[in-house]
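Data block below; observations after.
Predicted model, so just to flag it, every value in this text is computed and none were measured. Just so you know, ligand 1 is whichever comes first in the structure, and atom 1 is the first atom listed for that ligand.
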Amino acid sequence: MATFVTRAQWGARAPIEVGTNITPQQGGVVVHHVDGVKLARTNHADCAGQVRGIQNQHMDSNGWSDIAYSHLACVHGYLFQGRGENVRTAAQGTTQGNDDWYAVCALTGGTLTNYDTVTPQLIDAIRLGISRLRSSGGAAQAITGHRDHHSTDCPAALYSRVISGEVNPGGGPLPAPGVTFRSSPVTVHASVATWQYRMNTAHGFALTVDGQYGAGSDTACRTLQSRKGLTVDGAVGPATWRATFA
Ligand SMILES: [Zn+2]
Ligand SMILES: [Zn+2]
């Protein structure tokens with residue numbers, strides 16, 4: 001079980017402003033990492049200083065009111081309290097993302113092929129963060145990667161742990177987001193991007209991954225539903241989601 005580290009315990013600065021206008025019932029939780037280079041600390045004693053450095057950068061260089069993330073997870077199994085529950089983030093790169101989604105950041109980095117070691121303790125800490133954001137913060141079941149919201153590689157090698165559902169508090173597969181995707185009117189939701197990515201990588205489609213459930217997504221959905229013996233209606237509800245991520 002991961003250990004929670006409060007802001008007082010890691011020596012956080014006070015936020016300049018606390019925005020409570022977040023509607024995570026419409027979104028969920030986004031998984032991030034720090035950077036495109038390996039940076040996980042060898043010794044846990046160095047992790048709190050790393051979090052303070054990120055806060056300083058976000059407040060002093062980026063001009064944000066606080067560290068951008070809701071929580072931060074280290075490879076040693078500790079969850080550092082960020083903005084916390086019921087506070088709007090600055091992490092997602094889109095207004096919609098910051099309005100509807102919390103952010104859990106892994107204190108890791110690297111490229112797909114040269115990444116910090118993803119420890120079971122890191123996964124446990126991410127799970128604790130998502131669990132808190134659901135139980136005390138009202139987050140919906142959806143879990144996405146930053147790349148589902150915005151043009152970025154984040155969270156690089158960790159994205160496969162999102163797709164597999166490993167970061168979900170109850171384990172995989174990735175839970176259905178609680179929104180049914182339809183092409184009329186077009187559903188726009190970051191979990192549509194997660195679904196499009198999965199359709200391409202696991203089921204052989206070539207969809208544009210843009211988070212918009214247009215005609216191409218509808219057609220691909222019908223093909224998958226037919227293959228899987230599901231009702232063919234072109235809408236991604238829980239059963240079609242499960243068939244996509246099983
Ligand atoms: Zn990110
Ligand atoms: Zn640590």
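Shortest distance from the Zn ion (ligand 2) to His76 is reached at ND1 (N/O/S atoms only). Within His44, the N, O or S atom lying nearest to the Zn ion (ligand 2) carries the name ND1.
With a 4.5 Å cut-off on side-chain heavy atoms, Lys228 and Thr240 do not count as touching. When side chains are defined from C-beta on, Gln55 counts as touching Arg7, because their heavy atoms get closer than 4.5 Å.
For His71 and Tyr102, the ring centers sit 6.0 Å or farther from each other.
Annotation for Asp233: atom CG counts as buried by contact number, over 12 foreign heavy atoms lying within 6.0 Å.
Rounded to 10 degrees, the ND1-metal-ND1 angle spanning His146 and His32 at the Zn ion (ligand 1) equals 100°. Here the angle at the Zn ion (ligand 2) defined by SG in Cys74 and SG in Cys47 stands at 120°, rounded to 10 degrees.
Here His150 does not reach the Zn ion (ligand 1): none of its N/O/S atoms is less than 2.8 Å from the metal.
Side chains of Asp46 and Gln50: a donor-acceptor N/O pair is absent below 3.5 angstrom, by distance only.
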